[in-house]
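Have a look at the structure below before the remarks.
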Amino acid sequence: MELRNKAVARHFLEETEDHNREYAYAHLCTADYREHDPAMPQETVGLDEAAQIYRELIAAFELRHTAHSMVAEGGLVGARFTVRGRHIGEYQGFPPSGRSFEVSGQVTLRFRDAKIAEAWLNWDTQGLLEQLGAPPPSGDARLQGAAATPRASSLQTLRPDAA
């Protein structure tokens, strides 16, 4: 079971051969799938909302996810991952910059009946924003020695009118 879950997790994280996670959402996740990601406008979303957010991301970014050092225990799989890409389309009102980026993250996936039922994602949203040219948020917690950065709604701080 654990080896199978790790294989499904890798396929989900690295998308399909055409780098499109929509297939993965449709075929590798349960109908009541939940995704938790503090970088999203709404931290917890269902299957349809997660797929819609991903459609918006692939319209704005050439994305490539790579899974690293996966571990499994029972119905859970944890993995580190890297996201690489380039900003190629408009996103949340910000025109394409053409800039490339590379950030890391971690995910825990909960499986039910050989499908992903829930995902908890944490990735370097602030690093992505900085690599795309966004100014650091005012009161950047990293500069103040805090453990977490202020929560941003995806690339909202990149918008030309969000200064």
Determine yes or no for a side-chain-to-main-chain donor-acceptor pair under 3.5 angstrom, with Glu2 supplying the side chain and Gly74 the backbone.
yes
So which heavy atom on Leu47 is nearest to which on Arg34, and how close?
N-NH1, 4.4 Å
Mind checking the OG-CD spacing from Ser97 to Glu90? Nearest 0.5 Å is all I need.
12.5 Å
What is the ring orientation for Phe101 with Phe61, classed by angle as parallel under 30°, tilted 30 to 60°, or perpendicular over 60°?
perpendicular
Distance from Leu13 atom CG to Leu109 atom CG, nearest 0.5 Å?
6.0 Å
For His87 versus Pro95, what's the shortest heavy-atom pair and its separation?
CE1-O, 3.2 Å
Under a 4.5 Å cut-off applied to non-hydrogen side-chain atoms, are Arg10 and Met70 in contact?
yes
Which heavy-atom pair separates Val103 from Leu128 by the least distance, and what is that distance?
CG1-N, 3.4 Å
Nearest heavy-atom approach of Pro96 to Gly89 is CB-N, 3.5 Å
Looking at every non-hydrogen atom in both residues, tell me the closest pair between Phe111 and Ala9 and how far apart they are.
CZ-N, 4.0 Å
From CA spacing to verdict: side-chain contact (heavy atoms from CB on, under 4.5 Å), Gln52, Val45
CA-CA 10 Å; Gln52 175 59 39; Val45 297; over 6 Å; no
For the CD atom of Glu14 and the NE2 atom of His65, what is their distance to the nearest 0.5 Å?
10.0 Å
Distance from Asn122 atom CG to His36 atom NE2, nearest 0.5 Å?
11.0 Å
Which residues share a side chain to side chain contact (heavy atoms under 4.5 Å, CB included) with Arg110, sequence neighbours left out:
Leu76, Arg112, Ala117, Glu118, Trp120
Can you name the nearest heavy-atom pair linking Ala39 to Thr125, along with the distance?
CB-OG1, 3.2 Å
Classify the side-chain pair Glu35/Tyr54 by whether it contains a donor and acceptor separated by less than 3.5 Å.
no
Check whether any side-chain N or O of Glu56 sits under 3.5 Å from a backbone N or O of Ile53 as a donor-acceptor pair, and report yes or no.
no
Less than 4.5 Å apart, any side-chain heavy atom of Tyr25 and any of Arg55?
no
Val8 side chain reached by Lys115 side chain, heavy atoms, under 4.5 Å:
no
Spacing of OH belonging to Tyr33 relative to CD1 belonging to Ile116, to within rounding of 0.5 Å
6.5 Å
Is there a path from Ile88 to Leu132 through hydrophobic residues (I, L, V, M, F, W, Y) whose side chains come within less than 4.5 Å of each other?
no
d(Leu121 CG, Phe81 CZ) to nearest 0.5 Å is 5.5 Å
